[in-house]
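In what follows, a single structure is set out as structure tokens and then discussed.
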Amino acid sequence: MVKGIMNKILIKRANEHQDKTVLLNGWVYNSRRSGKIGFLMLRDGTGIIQCIVVKNDVGEEKFEQFKRLTQETSISVSGKIVKNDRAPGGFEIQTSDFTIHQISVDYPITPKEHGTEFLMSNRHLWLRSKRQNAIIKIRHQIIKATRDFFDSHDFTLVDTPLLTPNVCEGTTTLFETDYYGEKVFLAQSGQLYGEANAFAMGRQYNFGPTFRAEKSKTRRHLLEFWMVEPEITYCDLNENMEWAENMLAYIVAQVLEHKSEELAILERDISVLEKITAPFPRVSYTDCVEILKKGGFDFEWGGDFGSPEESYISQQFDKPVIIHRYPAEIKAFYMKRDSENEDLVLGMDILAPEGYGEIIGGSEREADYDTLLKRLKEDDLPVEEFQWYLDLRRYGSVPHAGFGMGIERTVSWICKLPHVRETIPFPRMHGRLRP
RNA sequence: UCCGGUAUAGCUCAGUUGGUCAGAGCAGUGGACUGUUAAUCCACGUGUCCGUGGUUCGAGUCCACGUACCGGAGCCA
């Protein structure tokens, strides 16, 4: 057995070690046998490589051990990395020796098809599959690209609290918990704190988990999901839309550049993603209503778009579409009104193409103290809980704007998945808490 | 919470008008094979037909209720 960390390599780097003798640590993905030659597919999380086990090379006893290898048995293999076009990936290991760490017995997920209920119950094991591995890597790339984008534009990452005494928007149902006898809630957004952070840092983004206790059972909803929320001072609605579209275009470009193999595993149509370049089409809410009416929808100005409406609108474009200036009635208290029409707010949503719906929601914020106070009262929100938020309008208020992007919905769209539950390792959904 | 659907072997499913209907493929085990790609070939096993009640001479099949799951609506990222 080859020892030492210099010889211990990851499968993704196998091609850098051609004709070298190395040590690979991993798990059995699959194994086949054809008489005195065996094919062991070894996975280590970074990739899968074929290991050739020849009876005459490893000896009778080792070959008998090889025959007993089961799916997901943990194993270390040493051998020479050689180029071979017959091997998936172009390289394979000429096995000289291997060590079995633990034989896996009756691994439940076989290389055949399974239903989602079964797979979700075995989510802790399902993550080892090629497809889930690819999704996790793309999720990582999306998060990395998001952070790189903001970091390279002089934003500071600032964390916001998860335990909050007040409701942010007052619309959705929140998870309740106990703070030494006081009722507190799990954050549904970090935005209000993000605004305070932005006034301190100029440009900030917060990135963390958020919670919504809605009993939603759709392909777009999770109870616990991750959100990136940039907040930018001296920024209006138009600039806000520019930030959002540039960020999304960058994220898609980075995924295309660094995760083409993973996209191929998911059989994602790359040409659709290649079209995602800034600028994105911008349509006002009022124009959307016209689009819907022309499309045969029975839709009155003033209502919120449901899933069918969102799908229809996004299908009119092959890029994400930015919808702006919604009726104030259906949006949150902190959004600034349009000075040209007080019935509208300077808010915007971005709908992903291919029917994926809303992935970004944002707005220019109300910056005037008196107006904001009026809005809080209109919405019957507890003004005393918002004193610190009002302070931002009392001590050097400035125009500012920001948005929130749902990570899982973005991953779902970029990977073209049928359901957001596959975008996060352990999804929390209505009716599914375990594993 | 509301609407629609599904529930049969470890997994994916078939099962006709209610009458040898307890089935297939895969996985697993044993064997053959020195280039396999979800290998192939031969042999071997498996059941609370989701639960409870009902109709019937007879229910996996029909009915009612319940449970679990799936999809959708509302809410939103």
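Predicted model only: the values in this text are computed from it and were never measured. Protein chains get the first letters and strands the later ones, always in sequence-line order, with residue 1 at the start of each.
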Sugar-phosphate only, base, or nothing, as touched by N84(A) at under 4.0 Å among non-hydrogen atoms: base

Closest to the L222(A) side chain, choosing from A77(B), U34(B), U36(B): A77(B)

Integer-rounded Å distance: G10(B) C1' and H114(A) NE2: 10 Å

Sugar-phosphate only, base, or nothing, as touched by M405(A) at under 4.0 Å among non-hydrogen atoms: nothing

Partner nucleotide of G23(B) by Watson-Crick or wobble geometry (both distances under 3.5 Å): C13(B)

Atom-pair distance (CG on L417(A); P on G71(B)), nearest Å: 13 Å

Pairwise P distance, A14(B) and A24(B) [rounded to whole Å]: 16 Å

Donor on one side chain, acceptor on other, H400(A) and E195(A), under 3.5 Å: yes

Residue met sooner reading RNA chain B from 5', once F118(A) and G35(A) are mapped to nucleotides: F118(A)

Pair E242(A), N240(A): side-chain N/O donor-acceptor within cut-off below 3.5 Å: no

Between C1' of G28(B) and CD of E72(A), the distance in whole Å: 16 Å

Pair partner, C76(B) [Watson-Crick or wobble, under 3.5 Å]: none

Distance below 4.0 Å between K215(A) side-chain N/O and U1(B) OP1 or OP2: yes

salt_bridge(R325(A), D343(A)) N-O dist < 4.0 Å: no

Sugar-phosphate, base or nothing in reach of R432(A), heavy atoms under 4.0 Å: nothing

Sugar-phosphate only, base, or nothing, as touched by E229(A) at under 4.0 Å among non-hydrogen atoms: nothing

Distance-only donor-acceptor test (3.5 Å): side chain S216(A), base C75(B): yes

Integer angstrom distance from the C1' of U20(B) to that of G15(B): 14 Å

A73(B) phosphate, OP1 or OP2, under 4.0 Å from H221(A) side-chain N/O: no

G30(B) and C57(B), which share atom name C1', separated by this distance in whole Å: 47 Å

Minimum-distance nucleotide (side-chain atoms of N30(A) versus A38(B), A77(B), G71(B)): A38(B)

Side-chain ion pair, K331(A) and E366(A), N-O less than 4.0 Å: no

Interatomic distance at P, G74(B) relative to U67(B), whole Å: 26 Å

Base G28(B) paired with Q71(A) side chain (donor-acceptor, <3.5 Å): no

Distance, rounded to the nearest Å, where D106(A) contributes CG and G10(B) contributes P: 11 Å

G28(B) and A64(B), which share atom name C1', separated by this distance in whole Å: 41 Å

Nucleotide of U34(B), C70(B), C76(B) approaching T116(A) most closely (side-chain heavy atoms): C70(B)

For atom CD1 of I350(A) and atom P of C76(B), their distance in whole Å: 18 Å

Side chains of T110(A) and H114(A), donor plus acceptor under 3.5 Å: yes

Spacing of the P atoms in C13(B) and U6(B) (rounded, Å): 13 Å

Selection from G71(B), A77(B), U34(B) that lies nearest to any side-chain heavy atom of H419(A): G71(B)

Proximal nucleotide (of U34(B), A77(B), G35(B)) relative to the E358(A) side chain: A77(B)

C1' spacing across the pair C49(B) / C62(B), given as an integer number of angstrom: 16 Å

Any K217(A) side-chain nitrogen or oxygen under 4.0 Å from OP1 or OP2 of A73(B): no

Nucleotide opposite U46(B) in a Watson-Crick or G-U pair, distances under 3.5 Å: none

Nearest to side-chain heavy atoms of P308(A), which nucleotide of C11(B), A73(B), U34(B): A73(B)

Aromatic stack F225(A)/A77(B): centroid gap under 5.5 Å, interplanar angle under 30°: yes

Candidates G35(B), A77(B), C75(B) - which lies nearest the side chain of R212(A): A77(B)

Pair Q132(A), E422(A): side-chain N/O donor-acceptor within cut-off below 3.5 Å: yes

Nucleotide of U34(B), C75(B), G35(B) approaching K36(A) most closely (side-chain heavy atoms): U34(B)

Complement of G71(B), any strand, by Watson-Crick or G-U distances under 3.5 angstrom: C3(B)

Options C70(B), A77(B), C76(B), nucleotide nearest the side-chain atoms of E310(A): C76(B)

Earlier contact from the 5' end, RNA chain B, for S34(A) and K331(A): S34(A)

Parallel, tilted or perpendicular: ring planes of W243(A) versus F149(A), cut at 30 and 60 degrees: perpendicular

Touch class at under 4.0 angstrom, heavy-atom based, for G306(A) against every strand present: sugar-phosphate

Side-chain donor/acceptor contact of R409(A) with base of C76(B) under 3.5 Å: yes

N56(A) CG to G35(B) C1', straight-line distance once rounded to whole Å: 15 Å

Close side-chain approach of P320(A) and I359(A), heavy atoms under 4.5 Å: no

N/O (side chain, R421(A)) to phosphate O (OP1/OP2, G71(B)) under 4.0 Å: yes

Minimum-distance nucleotide (side-chain atoms of R219(A) versus U34(B), A73(B), G72(B)): G72(B)

Parallel, tilted or perpendicular, as decided by the 30° and 60° cut-offs, for the rings of F386(A) and F333(A): perpendicular

Euclidean distance, atom OH of residue Y107(A) to atom C1' of C11(B) [Å, nearest integer]: 13 Å

Euclidean distance for P, C26(B) against C70(B) (whole angstrom): 29 Å

Euclidean distance, atom CD1 of residue I49(A) to atom P of U36(B) [Å, nearest integer]: 18 Å

Touch class at under 4.0 angstrom, heavy-atom based, for P88(A) against every strand present: base

R365(A) versus S363(A), side-chain donor and acceptor atoms under 3.5 Å: yes

Under 4.0 angstrom between S307(A) side-chain N/O and A73(B) OP1 or OP2: yes

Touch class at under 4.0 angstrom, heavy-atom based, for E408(A) against every strand present: nothing

